Amino acid sequence: MMATKEEIDAARRQIERLRDEHANDVIALVRLVDDGALKGEAGDRLAADLRAWDRGFKDLFTRAMSVLDSLQPSGPGKGAAPR
């Protein structure tokens with residue numbers, strides 16, 4: 001089954017929403033740690049882990065959007081399952 005343009009657009013909106021939520025959550029966590037919520041070596045390790053996690057998720061969202069960009073939508077009624 002191939003996705004319709006509407007399904008691809010809906011997936012794109014969902015990925016963008018998740019990407020934005022993720023970015024805001026990780027930024028808030030990094031700021032908490034950087035502002036001294038957890039001090040010392042443990043805080044430094046956590047901040048580094050959060051930054052690596054942020055990079056990994058950004059890469060994941062970029063790849064997901066690339067996959068969507070590569071899809072060729074099916075025409076109306078073609079390949080789309082009725083709901």
Side-chain angles (χ1 to χ4, degrees):
M1 173 178 94
M2 293 186 65
T4 65
K5 180 171 179 1
E6 292 78 19
E7 291 168 327
I8 293 170
D9 291 343
R12 182 180 313 283
R13 287 189 301 274
Q14 180 72 4
I15 291 168
E16 289 169 345
R17 184 185 64 76
L18 290 170
R19 179 194 61 205
D20 294 344
E21 283 179 15
H22 157 73
N24 294 333
D25 291 343
V26 171
I27 288 169
L29 287 171
V30 169
R31 284 185 182 149
L32 278 173
V33 173
D34 284 346
D35 290 344
L38 186 61
K39 297 180 189 246
E41 189 178 323
D44 294 343
R45 280 195 317 264
L46 179 58
D49 288 346
L50 287 168
R51 287 183 181 96
W53 187 44
D54 185 48
R55 283 189 304 276
F57 270 102
K58 284 179 181 174
D59 289 344
L60 177 68
F61 290 124
T62 299
R63 283 181 284 166
M65 294 301 270
S66 293
V67 168
L68 286 178
D69 290 341
S70 71
L71 294 177
Q72 295 297 319
S74 61
K78 288 186 178 178
R83 296 186 190 236

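Only a predicted model underlies this, so the values are computations on that prediction, with no experimental measurement involved.
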Checklist entry - Angle class for the W53/H22 ring planes (parallel below 30°, perpendicular above 60°, tilted otherwise)? => result perpendicular

Checklist entry - Using 4.0 Å as the upper bound for N to carboxylate O, is an ion pair formed by K58 and D54? => result yes

Checklist entry - Atom CG of L32 and atom CG of L46: how far apart are they, to the nearest 0.5 Å? => result 9.5 Å

Next on the checklist: Quick check: do K5 and D9 have side-chain heavy atoms less than 4.5 Å from each other?
Outcome noted: yes

Checklist entry - Roughly how far, to the nearest 0.5 Å, is CG of L29 from CG of D49? => result 12.0 Å

Donor-acceptor contacts, no H, no angles, side chain residues 34-43, under 3.5 Å, sequence neighbours left out:
unit_1 : atom_1 : unit_2 : atom_2 : d
D34    : OD1    : R51    : NH2    : 3.3
D34    : OD2    : R51    : NH2    : 2.8
E41    : OE2    : R45    : NH1    : 2.9

Checklist entry - Who passes side-chain hydrogen bond (donor to acceptor under 3.5 Å, both in side chains) against R31, sequence neighbours left out? => result none

Checklist entry - Could you give the distance from CG (L60) to CD1 (I15), rounded to the nearest 0.5 Å? => result 8.5 Å

Next on the checklist: Rounded at 0.5 Å granularity, tell me how far CG in L68 sits from CZ in R63.
Outcome noted: 13.5 Å

Next on the checklist: Using side-chain heavy atoms (C-beta onward) and a distance below 4.5 Å, is S74 in contact with T4?
Outcome noted: yes

Item to check | Shortest non-hydrogen separation from M65 to E16 and the atoms involved | outcome: CE-OE2, 3.5 Å

Item to check | Shortest non-hydrogen contact between L50 and V26, atoms and distance | outcome: O-CG1, 3.9 Å

